[in-house]
Amino acid sequence: MKNTSVTFKEAKVKEKKITMLTAYDYSTAKIIDDSGINGILVGDSLGMVCLGYEDTLSVTMEEMIHHSKAVAKGAKNSLVVTDMPFMSYQTSVYDAIVNAGRLVKEGKAQAVKLEGGTEVAEQIRAIVNASIPVMGHIGLTPQSVNTFGGFKVQGKNEETAKKLLEDAKAVEAAGAFAVVLECVPAKLAEYITSKLSIPTIGIGAGVACDGQILVYQDMLGMFSDFTPKFVKKYTDLGEEMKVAFTKYIEEVRDGVFPADEHSFKIDDEIIEKLY
Ligand code: KIV
């Protein structure tokens with residue numbers, strides 16, 4: 001069954017956990033989709049895990065569109081949500097609508113995600129009014145890394161915990177269909193989840209969220225620059241890939257690969273005529 005922004009909201013009512021992973025290309029999206037996931041996020045984490053940037057700030061609209069289009073081709077049943085990159089919506093409500101529209105029209109996204117609470121509520125409302133479903137994202141919002149002074153847990157004191165609750169309510173009131181809570185203490189995430197009618201999707205926000213999301217390279221052990229505390233490595237594909245790549249290199253050097261079964265045949269007569 002096709003997942004939509006509506007089925008996400010219904011899942012909260014039915015108390016069914018929502019599952020999400022990121023993807024950035026057609027083949028991975030297809031594998032994740034075939035596994036029965038509810039939603040695929042084309043995250044701007046693209047910048048870090050695929051393009052090798054230090055953070056998400058330099059990711060462009062063109063890059064998001066390029067990868068979103070590829071993911072959408074591979075995602076049959078999952079909801080494709082694409083991140084609005086830094087400065088594609090903060091600048092004005094007009095920019096937010098135009099750029100969300102591009103992600104849908106050119107990037108084939110079925111929803112967009114943007115970071116922030118009260119300060120971007122107007123943008124969320126305007127995009128939703130343009131018939132584009134919006135997923136919010138509060139807590140550790142990586143596009144604000146320079147303001148936070150690093151990738152740190154958010155909402156640990158009374159003032160910041162109250163601000164997070166206020167942000168979550170503002171995102172909901174603006175019409176978002178779901179909200180990501182990133183790096184938020186588990187009990188605070190549980191409280192916020194209980195106060196919202198839209199689903200919360202946690203990443204480093206404990207088990208009480210209505211759903212969970214992880215960056216796929218993190219959970220498969222493919223990204224070794226750093227591993228956040230909230231990541232569970234379900235396998236070490238990075239190591240498995242190295243074993244396979246090393247074997248390939250050895251076999252090529254030893255003349256073992258390609259074998260007969262990987263090669264194409266031609267009649268000897270034709271070759272003889274070339275001499
Ligand atoms: O860009 C991303 O991958 C994200 C998730 C970590 C939620 O925003």
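Below, all heavy atoms of this structure are taken into account, side chains as well, without hydrogens, waters or symmetry copies. Every number for a ligand or one of its atoms is a count from 1 in the order of the listing.
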Nearest-contact summary for atom 2 (C) of ligand 1 - protein heavy atom, Å: Ser45 OG, 3.2 Å

Would you mind listing which atoms of ligand 1 come within a distance below 4.0 Å of any non-hydrogen atom of Thr22? 3 (O)

What atoms in ligand 1 come closer than 4.0 Å to a heavy atom of Asp44? 1 (O)

Distance under 4.0 Å to a non-hydrogen atom of Gly43: what atoms of ligand 1 satisfy this? 1 (O), 2 (C), 3 (O)

How close does the nearest protein non-hydrogen atom get to atom 8 (O) of ligand 1, and which residue and atom is it? Lys113 NZ, 2.9 Å

Does Glu251, at its CD atom, have more than 12 non-hydrogen atoms belonging to other residues, nucleotides or ligands within less than 6.0 Å? yes

Side chain, backbone, both or neither: Leu41 near ligand 1, heavy atoms under 4.0 Å: side chain

Polar contacts were defined as any N/O atom of the residue lying under 3.5 Å from an N/O atom of the ligand; does this apply to Asp83 and ligand 1? yes

Under a single-linkage definition using a 4.5 Å side-chain heavy-atom cutoff for Ile, Leu, Val, Met, Phe, Trp and Tyr, are Leu57 and Met87 assigned to the same hydrophobic cluster? yes

Indicate, with yes or no, if Val49 and Leu51 share a hydrophobic cluster defined by side-chain heavy-atom contacts under 4.5 Å among Ile, Leu, Val, Met, Phe, Trp and Tyr. yes

Are more than 12 heavy atoms from other residues, nucleotides or ligands located less than 6.0 Å from atom NZ of Lys2? yes

Hey, is Ile201 touching ligand 1 through its side chain, its backbone, both or neither, going by heavy atoms under 4.0 Å? neither

Determine which pairs satisfy side chain to side chain donor-acceptor pair (under 3.5 Å) with at least one residue from residues 183-209, sequence neighbours left out, and list them in order. Glu172-Ser197, Thr193-Thr200, Thr200-Asp210

Contacts under 3.5 angstrom, residues 260-275 side chains, donor-acceptor by atom type, not counting sequence neighbours:
from, atom 1, to, atom 2, distance (Å)
His262, ND1, Ala259, N, 3.2
Ser263, OG, Ala259, O, 3.0

If we ignore angles and hydrogens, is there a donor and acceptor under 3.5 Å between the side chains of Asn3 and Ser78? no

Below a 4.0 angstrom heavy-atom separation, can you tell me which part of Ile203, side chain or backbone, both or neither, approaches ligand 1? side chain

